[in-house]
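Taking it in order: structure first as structure tokens, then the write-up.
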Amino acid sequence: MLKKGSKLNSILTGTCPQCQEESMYVDQNPYNLKNIYTMHEKCSHCGLQYQLEPSFFYGAMYVSYGLTVAIGVAVFIIAKVILGLDLLTSFIAIIAGLILLMPITARIARNIYINIFVHYDKNAVKK
């Protein structure tokens, strides 16, 4: 499932989508909020430039929106349907869940977005 070469591996680990050899991010910890969006300029293994064009990752906002809606719905279903909490407590759970998962959601949105445009190449070497 998370074998090298799969999009899911690159998305969940935050590795270069082309060679999947190194992390795209300077700091591996998404909860270090000071460096949450700090990325290497390019991959040291294959030379892929992560910023494919100016303001490339603005498109990741749309992916992030979809992820947060999905998380919000999932938390609501868990809180209201499964746990049987009242409506106000369910909405508080949604807000808390979204705030706690924001750093992970932000990084996964970027990972998904770049993986839409860049595909794995097992022969990728620095050019």
Side-chain angles (χ1 to χ4, degrees):
M1 184 164 140
L2 282 182
K3 64 182 180 180
K4 188 174 178 179
S6 71
K7 294 259 184 211
L8 193 58
N9 178 43
S10 178
I11 289 168
L12 294 179
T13 60
T15 55
C16 172
Q18 185 166 287
C19 68
Q20 297 184 5
E21 290 293 328
E22 76 167 22
S23 176
M24 295 188 292
Y25 300 98
V26 173
D27 189 353
Q28 297 287 333
N29 182 6
Y31 286 98
N32 183 359
L33 299 180
K34 184 178 178 183
N35 295 323
I36 189 171
Y37 293 117
T38 308
M39 298 177 73
H40 296 286
E41 202 169 302
K42 59 181 162 179
C43 178
S44 66
H45 184 262
C46 69
L48 173 71
Q49 179 133 3
Y50 296 129
Q51 190 87 8
L52 300 179
E53 60 186 38
S55 305
F56 173 71
F57 285 107
Y58 282 150
M61 290 187 300
Y62 297 104
V63 177
S64 179
Y65 175 75
L67 286 173
T68 56
V69 168
I71 291 169
V73 168
V75 170
F76 180 76
I77 289 172
I78 291 168
K80 183 73 175 151
V81 177
I82 296 174
L83 299 177
L85 301 176
D86 63 274
L87 196 59
L88 180 61
T89 309
S90 298
F91 282 120
I92 292 170
I94 292 170
I95 292 168
L98 292 177
I99 289 172
L100 289 174
L101 293 174
M102 186 280 300
I104 295 171
T105 305
R107 284 218 177 156
I108 289 181
R110 278 186 168 213
N111 298 347
I112 290 171
Y113 193 69
I114 196 168
N115 271 279
I116 291 171
F117 299 100
V118 180
H119 304 288
Y120 177 71
D121 179 9
K122 66 179 176 182
N123 300 318
V125 289
K126 196 170 190 174
K127 298 170 185 172

Under a 4.5 Å cut-off applied to non-hydrogen side-chain atoms, are Leu48 and Pro17 in contact?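 Contact flag for Leu48/Pro17 side chains = yes.
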Any donor-acceptor pair under 3.5 Å from [X] side chain to [Y] backbone:
X: Arg110; Y: Ala60; answer: no
X: Tyr31; Y: Leu100; answer: yes
X: Gln20; Y: Asn9; answer: no
X: Gln18; Y: Asp121; answer: no
X: Lys7; Y: Asn115; answer: yes

Would you kindly confirm whether [X] and [Y] end up in one hydrophobic cluster when ILVMFWY residues are joined by side chain heavy atoms under 4.5 Å apart?
X: Tyr37; Y: Ile104; value: no
X: Leu101; Y: Ile36; value: no
X: Ile78; Y: Leu98; value: no
X: Tyr113; Y: Val118; value: yes
X: Ile114; Y: Ile112; value: yes

Do you see a donor-acceptor pair shorter than 3.5 Å between the side chains of Asp86 and Thr89?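 Thr89 and Asp86 do have a side-chain donor-acceptor pair below 3.5 Å.
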Pair up each side-chain donor or acceptor in residues 65-73 with any protein partner under 3.5 Å, not counting sequence neighbours, and list the distances.
| residue | atom | partner | partner atom | Å |
| --- | --- | --- | --- | --- |
| Thr68 | OG1 | Ser64 | O | 3.2 |
| Thr68 | OG1 | Tyr65 | O | 2.9 |

Under a single-linkage rule joining Ile, Leu, Val, Met, Phe, Trp and Tyr whose side-chain heavy atoms are separated by less than 4.5 Å, which residues share a cluster with Val26?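 Members alongside Val26: none; it stands by itself.
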Pair Tyr58 + Tyr62: ring centers closer than 6.0 Å: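 No, the ring of Tyr58 stays outside the 6.0 Å limit from the ring of Tyr62, centre to centre.
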Using the ring centroid of each side chain, check whether Phe57 and Tyr50 are separated by less than 6.0 Å.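 Aromatic pair excluded; centres sit 6.0 Å or further apart.
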Return the minimal non-hydrogen interatomic distance between [X] and [Y], and the atom names on each side.
X: Glu22; Y: Ser44; result: OE1-OG, 2.5 Å
X: Leu33; Y: Pro103; result: CD2-CG, 3.7 Å
X: Ser6; Y: Lys3; result: OG-O, 3.0 Å
X: Cys46; Y: Cys43; result: N-SG, 3.5 Å
X: Lys80; Y: Leu87; result: NZ-N, 4.1 Å

Distance, nearest 0.5 Å, that separates [atom1] of [X] from [atom2] of [Y]:
X: Gln49; Y: Glu41; atom1: CD; atom2: CD; result: 5.5 Å
X: Met24; Y: Thr13; atom1: CE; atom2: OG1; result: 8.0 Å
X: Leu8; Y: Asn111; atom1: CG; atom2: CG; result: 11.0 Å

